[in-house]
Amino acid sequence: MTEPAQPSSPESGRRLGSIPLRAFVPNAITALALCFGLTGVRFAIGAEWEKALAAIIFAGVLDGMDGRIARLLRAQSKFGAELDSLSDVIAFGVAPAMILFLWSLADAPKFGWTAALALAVCCALRLARFNSRLDADVQPHKSAGFMTGIPAPAGAGLAFVPVYLWLTTGNALFREWYVVMPWALAIAMLMISAIPTYSWSSIRLRRSWRLFALAGVGLLGAALVTAPWHSLLAVCAVYVALLPFGIASYAKVRRRGLAAGAER
């Protein structure tokens, strides 16, 4: 028995299977980020540490692009959201955990693999928490323009701070498991923490500062090309330094909201 023909429509003509054609580009970028994350593990197996880190960093760049391109093309979809979460778990949870284990934690007499697992598991838990709250009516942090805990790409970048230090200084101390393990565990805890952190939507630039910000972005890009590990160390230091300011800013926003609610 043949199925009845479905009525044709412009939307169905633009579809590839169940995915709209306009959603192909952002989803392809997400899949590419996943591939780069796994490629980082491949380089780590061959002890090519700089290439391993570069693959994860490039995955982070792609992860920052896919959502914005999807919104630009009006191609947001449940499929894309699920694919993005799966890609993030692999590229910024599993891959960094494997790289840190192969680079340092494998030398720990005990609990080295447990520490690596903690990084991957906490990344998965953070993303599961994020997905479970997508349809929630009350999201205090998101409504105020903040995120809950540090995002997965930032967590992966921060987890590699000992590797950046090792690459820039050549000091073997930064590769010791007793230095890497507590740092990896701390980053894992920050990912699943409830602390408010800045998101792009919470950043407001005055009109007079925008040209300076553009110049700063250009200079940062040049610095990342010429001295990537020093530059990433500086970026990580700034990000960590901003965490207390994010907590204070959110507290101020929350007090304003409570005061406005009390006046009504």
Side-chain angles (χ1 to χ4, degrees), residues 53 56-57 59-61 63-64 67 85 88-89 91-93 95-97 99-100 115-116 118-133 136 138-168 174 179-206 209 212-213 216-217 219-221 223-224 228-258:
L53 267 62
I56 302 299
I57 292 165
V61 173
D63 181 73
S85 292
D88 285 358
V89 169
F92 309 121
I99 292 171
L100 287 179
L119 192 64
V121 170
C122 288
C123 180
L125 290 174
R126 187 200 185 282
L127 292 165
R129 179 179 65 185
F130 176 82
N131 289 343
S132 67
R133 293 179 177 178
V138 180
Q139 297 188 59
H141 289 170
K142 185 177 180 180
S143 61
F146 291 81
M147 305 184 75
T148 304
I150 61 176
L158 289 172
F160 287 140
V161 163
V163 193
Y164 305 150
L165 289 169
W166 176 71
L167 288 171
T168 54
F174 297 115
V179 173
V180 179
M181 183 183 294
W183 179 257
L185 291 174
I187 299 303
M189 293 302 103
L190 282 174
M191 280 198 284
I192 60 172
S193 69
I195 64 171
T197 56
Y198 287 117
S199 68
W200 288 110
S201 59
S202 65
I203 298 175
R204 297 289 185 271
L205 288 176
R206 295 179 181 177
W209 282 89
F212 294 101
V217 171
L219 292 174
L220 176 61
L224 286 171
W229 314 124
H230 292 84
S231 302
L232 287 169
L233 274 174
V235 170
C236 290
V238 170
Y239 187 89
V240 172
L242 287 175
L243 291 179
F245 291 97
I247 296 171
S249 297
Y250 175 72
K252 185 184 296 185
V253 171
R254 187 179 180 186
R255 284 196 299 270
R256 289 177 183 172
L258 292 174

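All values below come from the heavy atoms of this structure, side chains included, with hydrogens, waters and symmetry mates left out.
- Every side chain to side chain contact (heavy atoms under 4.5 Å, CB included) that I247 has, sequence neighbours left out, goes to I195, P196.
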Sequence neighbours left out, cut at 3.5 Å: what donor-acceptor pairs do the side chains of residues 184-194 make with other protein atoms?
from, atom 1, to, atom 2, distance (Å)
S193, OG, L190, O, 2.8

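- Not counting sequence neighbours, the partners of A91 by the side chain to side chain contact (heavy atoms under 4.5 Å, CB included) test are A59.
- Atom OH of Y164 and atom CG of L53 lie 5.5 Å apart (nearest 0.5 Å).
- Between the CZ atom of F92 and the CG atom of D63 there is a distance of 4.5 Å, given to the nearest 0.5 Å.
- Qualifying side chain to side chain donor-acceptor pair (under 3.5 Å) partners for S231, counting only residues two or more places apart in sequence or in other chains: none.
- You'll find the side chain of L232 reaches within 4.5 Å of the side chain of W229, heavy atoms only.
- With sequence neighbours left out, Y239 forms a side chain to side chain contact (heavy atoms under 4.5 Å, CB included) with I150, P151, A154, L158, T197, L243.
- From H230, atom NE2 reaches atom CG of L167 across 10.0 Å, with rounding to the nearest 0.5 Å.
- Distance CG/L100 to CH2/W183: 11.5 Å, rounded to 0.5 Å.
- The two atoms that bring A124 and V89 nearest to each other are CA-CG2, 4.0 Å, heavy atoms only.
- Annotation for P244 and A241: closest pair CD-O, 3.2 Å, computed over non-hydrogen atoms.
- Counting all heavy atoms, side chain and backbone alike, A152 lies closest to C123 at CB-SG, 3.8 Å.
- Residues that satisfy the side chain to side chain contact (heavy atoms under 4.5 Å, CB included) test with S249, not counting sequence neighbours, are F146, Y198.
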